[in-house]
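This report refers to the structure that appears directly beneath it.
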Amino acid sequence: GNSVTQMEGPVTLSEEAFLTINCTYTATGYPSLFWYVQYPGEGLQLLLKATKADDKGSNKGFEATYRKETTSFHLEKGSVQVSDSAVYFCALSLNSGYSTLTFGKGTMLLVSP
Amino acid sequence: SQTIHQWPATLVQPVGSPLSLECTVEGTSNPNLYWYRQAAGRGLQLLFYSVGIGQISSEVPQNLSASRPQDRQFILSSKKLLLSDSGFYLCAWSVGTGSSFFGQGTRLTVV
């Protein structure tokens, strides 16, 4: 079956620190990969995505590269801000006419001033 | 631009009572629609998806049902709520195999 594994949280960083959140996947086909972010009490927002190997998704200073050889899609940001504090979800979708998502369990990021 | 509306935002219901959560999408036609649940300790789980009016696929056996009476309306229901139905319910839409976009969610507490 399909699954996504994320590093356990919470990840606690000081402002301007470097962020990495690890994500690996298993899939029966060739998935698209996503990172979603959830701020407290809100729904999920698409942060970035990649649809094929070696693609790099980027948005708001966050980046992730689709690594087929290591089945990974690690999220990185060079300098985090307090406003980046949220829960981050890695997810995959197998393109089959619709886009049902398989999510990781989420990683909470806490950034202190 | 496309928008998705989900209501109510919060709901407290007694065990055994019925449930109806509604989701509507604006600004797009023939969307794929999805219901997910986020429960403590269980992550985000797909409950139902729909690729067209009246077409519902269930991913997980449960006490819930879904209906799609109109192209851009998706309803999540239960005849009798259980304590285990508590959670954060999220509606989402996509077009084809594109990215999914989520509503603001409904926090359901069954007491």
Side-chain angles (χ1 to χ4, degrees), chain A residues 1-10 21 23-25 27 29-52 55 57-59 62 64 66 73 86-108, chain B residues 1-11 21 23 25 28 30-52 55-60 66 68 74 87-109:
Chain A
N2 305 316
S3 67
V4 176
T5 303
Q6 284 180 243
M7 58 190 295
E8 296 277 341
I21 299 178
C23 171
T24 57
Y25 68 90
Y30 197 161
S32 294
L33 301 173
F34 305 84
W35 277 101
Y36 282 86
V37 58
Q38 185 179 33
Y39 298 101
E42 298 186 7
L44 273 66
Q45 298 178 25
L46 177 64
L47 182 59
L48 52 85
K49 69 175 185 179
T51 58
K52 60 183 187 296
D55 266 3
S58 61
N59 186 24
F62 291 90
Y66 190 144
F73 194 54
V87 180
Y88 293 80
F89 291 92
C90 185
L92 69 82
S93 173
L94 281 164
N95 302 329
S96 54
Y98 46 90
S99 298
T100 55
L101 292 161
T102 300
F103 285 92
K105 291 192 173 182
T107 302
M108 179 177 287
Chain B
S1 65
Q2 301 90 351
T3 56
I4 179 168
H5 302 281
Q6 210 183 317
W7 67 93
T10 60
L11 193 58
L21 302 181
C23 171
V25 180
T28 186
N30 303 315
N32 297 319
L33 297 172
Y34 313 86
W35 279 110
Y36 290 86
R37 178 172 60 198
Q38 189 176 24
R42 295 169 68 180
L44 269 159
Q45 186 178 43
L46 176 67
L47 301 177
F48 301 95
Y49 66 92
S50 171
V51 299
Q55 300 179 61
I56 308 295
S57 296
S58 173
E59 287 292 298
V60 182
R68 184 170 177 174
F74 205 23
F88 192 48
Y89 289 82
L90 290 156
C91 181
W93 70 272
S94 73
V95 174
T97 58
S99 303
S100 290
F101 297 94
F102 286 79
Q104 290 298 294
T106 295
R107 174 75 59 193
L108 171 65
T109 304

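Convention: sequence-line order gives letters A, B, ...; per-chain numbering from 1. These numbers come from the heavy atoms of this one structure, side chains and all, not from hydrogens, waters or symmetry mates.
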- Message: Using modelled atom types and a 3.5 Å cut-off, is there a donor and acceptor pairing between side-chain atoms of A:S99 and backbone atoms of B:G98?
- Response: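 It does hold such a pair.
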Against chain A, work out which of [options] has the most heavy-atom pairs shorter than 4.5 Å and name it.
| options | answer |
| --- | --- |
| B:F101, B:F88, B:Y34 | B:Y34 |
| B:S57, B:G96, B:G43 | B:G96 |
| B:C91, B:A9, B:S99 | B:S99 |

- Item | Of B:Q38, B:R37, B:R107, the residue whose pairing with B:Y89 passes side-chain hydrogen bond (donor to acceptor under 3.5 Å, both in side chains) | B:R37
- chain B contact via A:Q38 - side chain, backbone, both or neither, heavy atoms under 4.5 Å: side chain
- Message: Need one label for A:L101: side chain, backbone, both or neither, based on atoms under 4.5 Å from any heavy atom in chain B.
- Response: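 When you check distances to chain B, atoms from both the backbone and side chain of A:L101 fall under 4.5 Å.
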- Let me know if B:S100 has heavy atoms under 4.5 Å from chain A in its side chain, its backbone, both or neither. both
- Turns out that what part of B:L44 lies under 4.5 Å from chain A's heavy atoms comes down to both
- Task: Mind checking side-chain hydrogen bond (donor to acceptor under 3.5 Å, both in side chains) for A:T24 and listing every partner two or more places apart, or none if nothing turns up?
- Result: none
- Item | From B:W35, B:Y36, B:Y49, residue fulfilling side chain to side chain contact (heavy atoms under 4.5 Å, CB included) relative to B:E59 | B:Y49
- State which residues pass side chain to side chain contact (heavy atoms under 4.5 Å, CB included) with A:N2; sequence neighbours excluded, sorted by chain then number. A:A27, A:T28, A:L92, A:L94, A:T102
- Of A:W35, A:Y88, A:F73, which is the lone residue that meets ring-ring contact (aromatic ring centres under 6.0 Å, His included) with A:F62? A:Y88
